[in-house]
Amino acid sequence: MLRRENRKKRAFLTARCLIVGVAVGSVRAGSIGALFLVTMGFSGRASAQDAAAFFRQNCASCHTIGGGRTTGPDLKGAHERRSRAWLERFILDPPGTIASGDATATKLQREARGVVMPRVAGVTPTVVGQLIDLMRAESALERSQFAGMASAQRPLTRADEALGRALFSGARRLEAGGPPCMSCHTVRGLGALGGGRLGPDLTGTYGKLGGQQALATWLASPPSLTMQPVFKGHPLTPDEALGLVAYLKSAGSRGGAAETSSVNFVLLGLVGSIFSLVLFDFTWRRRFRAVRRPLVTGGKR
Amino acid sequence: MLDGLLTSLDGILLGTLPYVVMALCLIGTIHRYRSQAFTYSSLSSQFLENRHHFWGSVPFHYGILTLTAGHLVGFAIPRSVLAWNAVPVRLYVIEVAAFVAGLLTLVGLVNIVVRRLTDSKSRIVTSGIDWAVYLLLLSQTVTGLGTAMFYGWGSSWFASSASPYLWSLVTLQPDVSYVTALPWFVKLHVIGAWLLIGLFPFSRLVHILVVPNPYLWRKWQMVRWYWDRRTIRRAE
C-alpha cells in the first residue's frame with residue numbers, strides 16, 4: 001500500500017517536473033526559438049556573406065585566380081573557358097556532376113590527381129552567381145587578391161622542416177593559437193603511439209594535393225568542415241604553413257603510410273585496467289564484503 | 001534534401017536539445033529537492049548483496065569520476081590541456097589513463113547491470129528509470145571507448161572542437177559547426193551526454209549532489225568494542 005503510494009507520488013513528481021520544465025521552456029520560447037533559428041540558420045548564412053570572404057574561406061585553399069594551379073585549376077578566365085550554366089551546375093554539386101559522367105568534370109578530377117571537389121556548405125544558386133561574377137572581376141585585374149601566397153614557392157630548408165615537425169607535434173605553438181596537427185592527424189615516423197586518428201593520415205598529402213604551393217595554399221585556409229571552424233579565427237602564418245609543407249614533404253618521401261598504433265594503445269589500456277582491478281582487490285582485501293555470511297560462519301566457530 | 005534534413009537534425013540535437021535538458025535539469029533538481037529532499041539518495045542496495053556489488057560500484061565510480069573530471073578540465077582550461085599535450089609522452093599518458101578509466105567504467109557498469117539482472121533482491125529495487133540510466137551510461141561508455149580507440153587523440157581535439165562548442169552554448173551564442181562535422185559515433189556520445197543531463201533530476205543520479213564530501217577531510221574516528229563478541233555469544 002505504502003509502496004503504491006510512493007510510486008504514485010514519484011510519478012506525480014516526475015510529471016510535475018516535466019510540466020514545470022516544459023512551462024519554463026515555453027516562457028523562454030523566445031530565446032530558445034531564437035537559438036533554434038541561429039543553429040538552424042547556419043547553413044543559410046553563406047548566402048549573405050560577401051563573395052570575396054566566401055571565396056577566401058571556402059575556395060582559396062584549392063584555387064587561385066591568376067596564381068597558377070594548386071590542388072584545383074587556376075580560375076583566371078574560367079568564365080570564358082566554360083559556359084555560365086555549366087559553372088553553376090558544377091559549383092553547386094561537384095560530386096554529382098562527376099557522377100553524372102560529365103566529360104569536363106571527369107577530366108578536371110583527373111587533373112586534380114583524383115581529388116574530388118566537395119559540396120561546399122552554404123552554396124546556393126545566388127552564392128554561385130556571386131562567385132562567378134567575382135571570378136570574372138578578379139580575372140580582369142593585373143594581380144588578383146586571390147593570386148596565392150607570394151612566399152609559397154620559395155625553396156624549403158632544413159629549418160622549415162624542423163619548424164614543421166615542432167608545429168605538428170605541438171612542441172611549438174601555432175602563433176594564432178590553433179591546435180597542433182597531432183591532435184587529429186598522424187604521419188609516418190612520428191614514433192611511439194603516433195598522432196591522432198580523427199583526421200586522415202597526412203603522410204602522402206604532399207604528393208596527393210600536388211606539391212608545395214598547393215599544400216601551402218590549402219593550409220592557409222583549410223576547407224574541411226572539421227578544420228574550418230577550428231582554424232577560422234586562428235589561421236596559420238605563411239612561415240608556419242611552409243614549415244608544415246616541408247615536414248610533410250619529408251614524411252611523404254619515406255613512402256608508405258603511418259605506423260598503426262591502435263593495438264599498442266588498446267594493449268596498454270588493458271594492462272592498466274587489469275593492474276587497477278588487482279590493486280582494488282588488494283587495497284580492500286579486508287573489506288566487509290557481506291553482512292549475513294560472516295555472521296553465519298562466525299556463529300559456527 | 002537529405003543534407004538539409006541532417007543539418008536540421010544537427011541543429012536540434014546539438015543546438016536546441018542542450019538548452020532544453022539544462023533547463024529541465026536545473027528546474028527539476030531544485031523542485032525535487034524542495035518537495036522531496038529525502039529522495040536525494042543513491043538508494044544503495046549494498047546491504048542486499050555485497051560481493052558482486054564491490055566489482056560493480058568500485059571500478060565504475062573510480063572510472064567515471066576520472067572521466068568526468070577529465071571532460072570538465074578540457075572544457076574549463078582547454079589552452080592548458082593543449083599546452084600539456086604539446087609533449088607527446090604527456091599526451092600518451094593522459095590518453096592511456098583515460099582509456100583505462102573508460103575500461104574500468106565498462107567493467108563496473110557491466111557488473112552492476114548483471115548483478116541487477118541476476119540477483120533477485122537487487123532486481124526488485126531496480127526501477128524503469130534505473131534501467132534507462134544504465135542503458136544510457138552503457139551507450140556513453142561504449143561510444144567513449146570507441147572514440148578513444150578509433151578517433152584519438154580526444155584530449156587534444158576536445159580542447160579545440162568540443163570546448164569551443166560548449167562555451168558557445170554557455171555564452172548563449174550556440175555554434176554547432178564545431179561538432180557537426182565530427183563522425184556520427186562521436187556525435188552520439190555528445191547527444192547521449194545531453195540526454196543523461198535531462199534524466200538527472202528524475203533518477204538516482206541526484207546522489208551526485210549529496211555525496212558526503214566532508215568524509216574525505218573530517219577527523220578520523222576510532223571505534224572501540226568494549227566487549228568480546230565470542231564471550232557474549234557463549235553466554236547466550
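So you know, we letter chains A, B, ... as the sequences are listed, proteins then strands, and number each from 1.
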* Do you know which of A:Leu225, A:Thr226, A:Leu193 has the most heavy-atom pairs under 4.5 Å to chain B? -> A:Leu193
* To do: Hey, could you give me the OG/CG distance between B:Ser45 and B:Asn50, rounded to the nearest 0.5 Å?
  => 9.5 Å
* Asked: Mind checking which of residues 103-112 of chain B sit less than 4.5 Å from chain A, heavy atom to heavy atom?
  -> B:Leu103, B:Leu104, B:Val107
* Asked: Which bit of B:Val96 comes within less than 4.5 Å of chain A, counting heavy atoms only: side chain, backbone, both or neither?
  -> both
* **Part of B:Phe158 lying under 4.5 Å from any heavy atom of chain A** => neither
* **chain A contact via B:Pro59 - which portion, at a heavy-atom distance below 4.5 Å** => both
* To do: Take the angle between the ring planes of B:Phe99 and A:Phe265 and call it parallel below 30°, perpendicular above 60°, tilted in between.
  => tilted
* To do: Could you tell me which portion of A:Ile274 (side chain, backbone, both or neither) has an atom closer than 4.5 angstrom to a non-hydrogen atom of chain B?
  => neither
* Structure fact -> Counting heavy-atom pairs under 4.5 angstrom with chain B, the leader among A:Ser169, A:Ala166, A:Gly177, A:Gly194 is A:Gly194
* What pairs meet the ring-ring contact (aromatic ring centres under 6.0 Å, His included) rule with one or both residues in residues 163-188 of chain B, with sequence neighbours excluded? -> B:Phe75-B:Trp167
* Between A:Ser262 and chain B, which part of the residue has a heavy atom less than 4.5 Å away: side chain, backbone, both or neither? -> side chain
* May I ask you to decide if A:Pro125's main-chain N or O and A:Glu88's side chain share a donor-acceptor pair within less than 3.5 Å? => no
* Could you give me the CA-CA distance, side-chain angles and deciding distance for B:Thr180 and B:Asp10, then say whether side-chain hydrogen bond (donor to acceptor under 3.5 Å, both in side chains) is met? => CA-CA 6 Å; B:Thr180 45; B:Asp10 276 339; 5.0 Å; no
* Structure fact -> When rounded to the nearest 0.5 Å, the distance separating CG of A:Leu219 from CG of A:Leu248 is 7.0 Å
* Asked: Can you name the residues that form a salt bridge (charged side-chain N to carboxylate O under 4.0 Å, His left out) with B:Arg115, not counting sequence neighbours?
  -> B:Glu49
* Roughly how far apart are A:Phe90 CZ and A:Ser100 OG, rounded to 0.5 Å? -> 10.0 Å
* B:Tyr92 and B:Trp153 aromatic centres sub-6.0 Å -> yes
* Which of the residues A:Ser183, A:Ala171, A:Gly170 is involved in the greatest number of heavy-atom pairs with chain B at under 4.5 angstrom? -> A:Ser183
* To do: With sequence neighbours excluded, tell me which residues meet salt bridge (charged side-chain N to carboxylate O under 4.0 Å, His left out) with A:Arg89.
  => A:Asp102
* Asked: Given a strict heavy-atom distance threshold of 4.5 Å, which part of B:Leu26 is in contact with chain A: side chain, backbone, both, or neither?
  -> neither
* Asked: Does the B:Ser57 side chain pair with the main chain of B:His53, one donor and one acceptor, at a distance under 3.5 Å?
  -> no
* Asked: Looking at A:Gly272, A:Ser276, A:Gly199, A:Gly269, which one has more heavy-atom pairs under 4.5 Å with chain B than the rest?
  -> A:Gly269
